[in-house]
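Contents: one structure, followed by commentary.
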Amino acid sequence: VFTRRGVDEELLEELEETLIAADVNVNAVQELLETLRQEAKAQRLREAEDVRACLSALLKGWLGAPAPLTVSATPPTVYLFVGVNGVGKTTSIAKTAHMLQRQGKRALLAAGDTFRAAAIDQLQIWADRLGCDLVKHKEGADPSAVVFDAIQAARARGVDFVLADTAGRQHTHARLMEELKKVHRVAEKALGRPPDEVLLVLDAVAGQNAIRQAEEFARALPLTGIVLTKLDSTSRGGAVLTIRKQLGIPIKLIGLGEKADQMAPFDPDAFVEGLLA
Amino acid sequence: SLTDKLQGIFERIRGKGRLDEKTVDEVLREIRLALLEADVNFRVVKEFIARIREQAVGEEVLKSLTPDQQVIRIVRDELIALLGGEAEPIRWAARPPTVFMLCGLQGSGKTTTCAKLARWAKSQGRNPMLVACDLQRPAAVKQLEVLGQQVGVPVFTPQQAGAQDPVRTAQRALEHARAQGNDVLIVDTAGRLQVDEPLMEELQRMHAALQPHETLLVVDATTGQEAVNVAQAFHERLELTGVIMSKMDGDARGGATLSVKAVVGKPVRFVGVGERTDALEPFYPDRVASRILG
Ligand SMILES: Nc1nc2c(ncn2[C@@H]2O[C@H](COP(=O)(O)OP(=O)(O)OP(=O)(O)O)[C@@H](O)[C@H]2O)c(=O)[nH]1
Ligand SMILES: Nc1nc2c(ncn2[C@@H]2O[C@H](COP(=O)(O)OP(=O)(O)OP(=O)(O)O)[C@@H](O)[C@H]2O)c(=O)[nH]1
Ligand SMILES: [Mg+2]
Ligand SMILES: [Mg+2]
């Protein structure tokens with residue numbers, strides 16, 4: 001493994017392919033491998049498994065410590081879920097409500113997607129299954145008004161958490177990004193502080209565009225965390241490494257399936273293990 | 001951009017009259033990086049680079065006053081060739097109804113695309129019917145019903161079929177379409193992972209029951225490296241006849257298009273460019289090639 005020049009280039013090539021296949025950004029891969037090359041040389045690493053362990057440590061370094069969901073001292077705690085089309089926002093809200101219920105907390109859902117066909121019906125079914133309240137208006141209503149009402153309702157009913165759904169939207173669509181900013185402003189006004197979490201939901205199946213999504217949504221809103229869904233697929237979500245390192249947004253939750261109990265707090269060790277598998 | 005990087009490389013060797021090994025590697029490396037950044041699968045990229053190697057550093061490039069542009073042109077032409085010619089027109093079945101079955105991963109855009117296809121079929125003078133075979137996702141049937149209403153196309157539901165499962169619903173839909181004189185049947189299926197054995201097996205049974213004329217994989221334009229494995233699995237199980245790339249109105253480079261084409265070898269039938277039911281376009285390989293190159 002260890003040649004006079006340094007770490008075996010063949011091993012580095014293999015590691016490069018593993019990372020790229022996991023959707024890690026190609027520039028991030030170059031940076032990681034260069035650091036790995038230097039570290040391995042400095043530490044005189046000889047065995048392939050030691051080199052791998054070194055890379056694993058570097059990756060964990062990029063991800064930082066696990067970050068829990070914020071809970072406010074002044075209820076209701078409000079979580080806003082945002083992201084592009086079809087990533088799993090609505091399903092993730094159901095899972096988060098389920099998770100909170102397992103902790104003995106109560107959640108109220110806000111049907112903030114007033115646009116897409118049967119979006120409200122979809123969330124209503126989840127609310128019924130979970131036994132939580134749903135605040136909804138008519139289809140086509142102002143999403144800001146729904147979120148506003150939901151926050152008021154949570155206060156009135158003494159519910160600890162508000163989970164607000166929003167319509168999927170492409171970050172390239174300026175008008176839709178403006179609409180989202182308004183939802184955030186109105187929520188902030190109703191709450192007297194910004195929403196406690198503004199969660200960008202990302203699909204692990206996505207490649208490099210996840211980074212673009214994070215950049216643009218971060219420009220529009222103060223993102224506090226990422227929900228990385230569909231990690232039960234064969235995709236490994238490597239793009240989030242760059243998002244975490246460059247934008248500083250922590251991954252807080254992961255989706256592992258379509259059922260209410262298929263969500264977990266983000267575990268950097270398990271995630272890195274998955275990347276290098 | 002790739003152009004800038006190539007310009008830089010060729011600037012440095014101007015006047016040398018020939019390309020050395022090192023420069024060749026540099027040029028190919030930049031092309032490789034651009035394609036990987038565009039989400040083209042790394043194995044597909046490897047094969048692609050091998051294909052264009054000789055041309056990219058050949059006489060034509062050396063003799064050119066703008067070698068960087070020559071290289072881009074060679075790469076782009078090769079991408080267009082691989083992406084296949086312009087969209088082949090859909091061939092209607094000799095004995096109606098023509099059956100379209102849509103499949104793909106969760107959230108890829110199948111239900112919305114079914115409605116878009118229905119609207120398009122109507123514009124082609126057909127009498128389509130939509131079939132709601134997703135009994136899994138909350139309000140999936142309702143979603144298709146609402147979309148069906150929007151495009152003025154009837155939706156056949158599991159309730160109408162008196163069925164509790166997608167295969168039965170599909171079978172009933174076929175009988176119903178024949179009885180009602182609908183000459184196009186567009187079947188929506190539940191999203192599923194290609195590694196979900198029971199669900200892939202269910203899809204095969206639906207396929208057997210429907211004998212579709214078109215089995216279309218709907219692929220999200222943002223799909224990353226796994227596009228190859230996903231497409232391969234669906235293709236092996238069903239024998240796809242085409243692909244639809246969805247959400248091309250975003251800024252995803254869409255390299256998955258090349259990955260899927262490389263492994264399935266079937267045409268990209270349409271491209272989804274928005275959430276509305278009229279947001280469906282024919283596939284233009286030259287536009288997608290430019291986009292992949294960034
Ligand atoms: N396998 C898997 N599927 C998931 C996961 N999360 C969501 N899904 C599925 O992905 C599809 C889309 O989920 P939604 O919750 O509707 O996504 P969305 O972001 O709300 O979509 P829009 O509101 O239309 O933008 C559904 O079929 C979900 O069941 C996950 O973690 N794993
Ligand atoms: N911007 C954009 N959004 C799209 C496009 N196609 C579909 N969508 C949106 O993507 C989301 C998912 O679309 P669906 O049609 O529900 O996807 P699906 O594949 O049926 O999802 P599942 O049934 O859960 O697997 C919805 O918000 C759609 O409006 C497109 O071409 N562009
Ligand atoms: Mg939703
Ligand atoms: Mg669907």
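A, B, ... follow the sequence lines: proteins, then strands. Residue 1 opens every chain.
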Task: Shortest non-hydrogen contact from Gln143(B) toward Ala117(A) - done: CG-O, 3.5 Å

Task: More than 12 heavy atoms from other groups under 6.0 Å of CZ on Arg43(B) - done: no

Open item on the list: Within the 4.5 Å heavy-atom criterion, are Arg116(A) and Glu275(B) side-chain neighbours or not?
Closed with: yes

Task: Region of Gln122(A) in contact with chain B, defined by heavy-atom distances below 4.5 Å - done: both

Task: Any side-chain donor near an acceptor of the partner, His173(A) and Asp249(B), under 3.5 Å - done: no

Open item on the list: Quick check: do Gln30(A) and Leu33(B) have side-chain heavy atoms less than 4.5 Å from each other?
Closed with: yes

Open item on the list: Is Leu105(B) close to chain A through its backbone or its side chain, or both, or neither, when contacts mean heavy atoms under 4.5 Å?
Closed with: side chain

- [ ] Check whether any side-chain heavy atom of Arg253(B) lies under 4.5 Å from a side-chain heavy atom of Gln208(A), and answer yes or no.
- [x] no

Open item on the list: With a 4.0 Å cut-off on N to O distance, would you call Glu226(B) and Lys230(A) a salt bridge?
Closed with: no

Open item on the list: If we ignore hydrogens and angles and just use 3.5 Å, is the side chain of Lys142(B) paired with the main-chain N or O of Asp121(A) as donor and acceptor?
Closed with: no

Task: Proximal component of Asn25(A), with respect to chain B [non-hydrogen, under 4.5 Å] - done: side chain

Task: Smallest separation among heavy atoms of Ile20(A) and Gln225(B), with atom names - done: O-CG, 3.1 Å

TODO: Measure Gln213(A) against the heavy atoms of chain B and call it side chain, backbone, both or neither at under 4.5 Å.
DONE: side chain

Task: Largest heavy-atom contact set with chain A, pairs under 4.5 Å, which of Gln150(B), Gln136(B), Glu37(B) - done: Glu37(B)

- [ ] For atom CZ of Arg129(A), decide whether the heavy atoms of other residues, nucleotides or ligands shown that lie under 6.0 angstrom number more than 12.
- [x] yes

Task: Residue Glu17(A) excluded, over 12 heavy atoms near CD under 6.0 Å - done: yes

TODO: Find the one option among Thr234(A), Val205(A), Thr172(A) whose heavy-atom pairs under 4.5 Å with chain B are most numerous.
DONE: Thr234(A)

TODO: Please look at Lys46(B) and chain A and tell me whether the side chain, the backbone, both or neither of the residue comes under 4.5 angstrom of a heavy atom of that chain.
DONE: side chain

Task: Contact summary for Ala139(B) and Ile125(A), nearest pair of heavy atoms - done: N-CD1, 3.4 Å

Task: Interatomic spacing from CZ in Phe42(B) to CG in Leu19(A) - rounded to 0.5 Å - done: 11.0 Å

Task: Heavy-atom closest pair, residues Leu193(B) and Ser233(A) - done: CD2-CB, 3.6 Å

Task: Interchain contact, Gln106(B) with chain A, by part (heavy-atom threshold 4.5 Å) - done: both

Task: Donor + acceptor pair across side chains of Gln170(A), Asp251(B) (<3.5 Å) - done: no

Open item on the list: Under a 4.5 Å cutoff for heavy-atom pairs, which residue among Gly191(B), Ala221(B), Gly107(B) has the most contacts with chain A?
Closed with: Gly107(B)

Open item on the list: Looking at chain B, which one of Arg169(A), Glu16(A), Arg236(A), Glu216(A) has the largest number of heavy-atom pairs inside 4.5 Å, strictly under?
Closed with: Glu16(A)

Open item on the list: Quick check on Gln246(A): does its CD atom have over 12 non-hydrogen neighbours (other residues, nucleotides or ligands) under 6.0 Å away?
Closed with: no

- [ ] Answer yes or no: does atom CD of Gln159(B) have more than 12 heavy-atom neighbours from other residues, nucleotides or ligands under 6.0 Å?
- [x] yes

